[in-house]
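Notes for the one structure printed next.
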Amino acid sequence: MIKQVASSPIRNIATVRHAVGNEFYDYELCSLCSYSPENVGQKSIVLDLASPLTNPNVKTKIFDKSPYGNHAAITGATWVRLPSGLYVLSYDGIDDKAIVASPVGMTWGTGDYTLMSWVYLTAYTTPDADIASEIICANHSNYSTTKGAPAWGLAFYTDDHGTPASRRKFLFFGRSSLEDYKSVLTTRTHVINTWYLVAGKRESGVCKISVNGGAFESGDSGADMNATQPAPLAIGISSHNQTSFGFNGKLSPIKVFNVALSDAYVASLFNTERWQFGV
């Protein structure tokens, strides 16, 4: 069902309702920018978790607007409304999470992909005193584990991290079954109680990261960093045991693309969405 809604700055033109099981999910049709099939983001998106319009805290899932149906089950995390009217999920840093148990469309091999979320940290450490706060991750076990199942994700290094120079920085990482973790950290540190658009990508085997639509910074590379299908995909917590690396703050619904988005495209998304976050 599509119905017209009042316009707002560069905002959307309609809402859509979908049913998942016995629950109905209403969301804005064009929550990123243009929902044209020719838009590179819409042609390549494999996870596009929606911000609900009504009664969000009676929902048990975050609805995935992509064609892949990667709906995420919510445990503990609660929806809070920003002054702009946008609903985002708040996580307690302990055991709040959203889980896509059997995601599809994310078998990249050694190809390119991009992870993206608006992020709002409320503390420089987490209640469980781990070294990192997970934004999104798949097959993640432990940063100190040198070899294991392929893994990838976005995270934030807290003040508990053993290397002071790495603290208070966003991180994009990946690992294959044959190699150690490959990653890239943001150059500058970031502050709490501030919204950031964080995008991490692997492009031609190189890990890259961008904040607030800035140019991507490059980090490690690894030709054998082979990403297989994630199971599960976790938001706000480690996907390995779903009890550690809890995120302490707010996250907008996560987006995943099966291409390496360009600097210009990410900058365009940032400028389109920033008003909703007061940035």
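Note that the structure is predicted; figures quoted are calculated from it, not measured.
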Hey, does [Y] have a side-chain heavy atom less than 4.5 Å from the side chain of [X]?
X: Leu82; Y: Phe277; result: yes
X: Ile62; Y: Trp79; result: yes
X: Asn193; Y: Tyr120; result: yes
X: Asp64; Y: Asp48; result: yes
X: Leu89; Y: Tyr91; result: yes
X: Val191; Y: Tyr124; result: yes
X: Tyr87; Y: Leu53; result: no
X: Leu171; Y: Thr186; result: no

To the nearest 0.5 Å, what is the distance between [atom1] on [X] and [atom2] on [Y]?
X: Trp118; Y: Leu251; atom1: CH2; atom2: CG; result: 13.0 Å
X: Lys169; Y: His190; atom1: NZ; atom2: NE2; result: 9.5 Å
X: Tyr113; Y: Trp152; atom1: OH; atom2: CH2; result: 7.0 Å
X: Lys255; Y: Leu269; atom1: NZ; atom2: CG; result: 8.5 Å
X: Leu49; Y: His71; atom1: CG; atom2: NE2; result: 9.5 Å
X: Ile192; Y: Phe156; atom1: CD1; atom2: CZ; result: 9.0 Å

[X] side-chain N/O to [Y] backbone N/O, donor-acceptor pair under 3.5 Å:
X: Ser84; Y: Gln276; answer: yes
X: Thr75; Y: Asp96; answer: no
X: Ser268; Y: Ala264; answer: no
X: Asp220; Y: Lys182; answer: no
X: Thr114; Y: Val259; answer: yes
X: Asn258; Y: Val46; answer: no
X: Arg202; Y: Gly111; answer: yes
X: Asp263; Y: Val266; answer: no
X: Arg81; Y: Gly85; answer: yes
X: Ser117; Y: Ser252; answer: yes

| query | Between Tyr196 and Phe170, does a ring pair (Phe, Tyr, Trp, His ring centres under 6.0 Å) hold up when you go through it step by step? | reply | CA-CA 10 Å; Tyr196 298 99; Phe170 290 111; 5.7 Å; yes
Do [X] and [Y] sit in one hydrophobic cluster, given that two such residues count as connected whenever their side-chain heavy atoms are within less than 4.5 Å of each other, even indirectly?
X: Ile135; Y: Ile235; value: yes
X: Met106; Y: Tyr68; value: yes
X: Leu47; Y: Leu154; value: yes
X: Leu197; Y: Val279; value: yes
X: Ile254; Y: Ile209; value: yes

So, for [X] and [Y], which heavy atoms are closest and what is the spacing to 0.1 Å?
X: Phe216; Y: Ala199; value: CE2-O, 3.5 Å
X: Pro127; Y: Gly93; value: CD-O, 3.5 Å
X: Phe172; Y: Lys208; value: CD2-O, 3.9 Å
X: Ala98; Y: Ala72; value: CB-CB, 4.1 Å
X: Ser90; Y: Val80; value: CB-CG1, 4.2 Å
X: Ser218; Y: Val206; value: CB-CG1, 4.1 Å

| task | Would you check, one step at a time, whether the test side-chain contact (heavy atoms from CB on, under 4.5 Å) holds for Asn70 with Val104? | result | CA-CA 7 Å; Asn70 289 313; Val104 296; 3.6 Å; yes
| task | Return yes if a side-chain donor-acceptor contact under 3.5 Å exists between Asp159 and Thr125, otherwise no. | result | no
| request: Sort out for me which residue in Thr158, Thr122, Thr126 forms a side chain to side chain donor-acceptor pair (under 3.5 Å) with Asn248. | output: Thr122
| task | Assess whether side-chain contact (heavy atoms from CB on, under 4.5 Å) is satisfied between Leu185 and Tyr157, documenting all intermediate values. | result | CA-CA 9 Å; Leu185 283 168; Tyr157 269 153; 3.4 Å; yes
| said: Just to verify, what does Lys201 make a salt bridge (Lys or Arg N to Asp or Glu O under 4.0 Å) with, not counting sequence neighbours? | reply: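 So Lys201 forms a salt bridge (Lys or Arg N to Asp or Glu O under 4.0 Å) with Glu203.
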| Worked verdict on Met116 versus Leu261 for side-chain contact (heavy atoms from CB on, under 4.5 Å) | CA-CA 10 Å; Met116 184 183 300; Leu261 296 178; 3.7 Å; yes
| message | Run the side-chain contact (heavy atoms from CB on, under 4.5 Å) test on Ile94 and Phe247 for me, step by step, so that the C-alpha distance in whole Å, both residues' side-chain angles and the decisive distance to 0.1 Å come before the verdict. | response | CA-CA 7 Å; Ile94 302 174; Phe247 182 84; over 6 Å; no
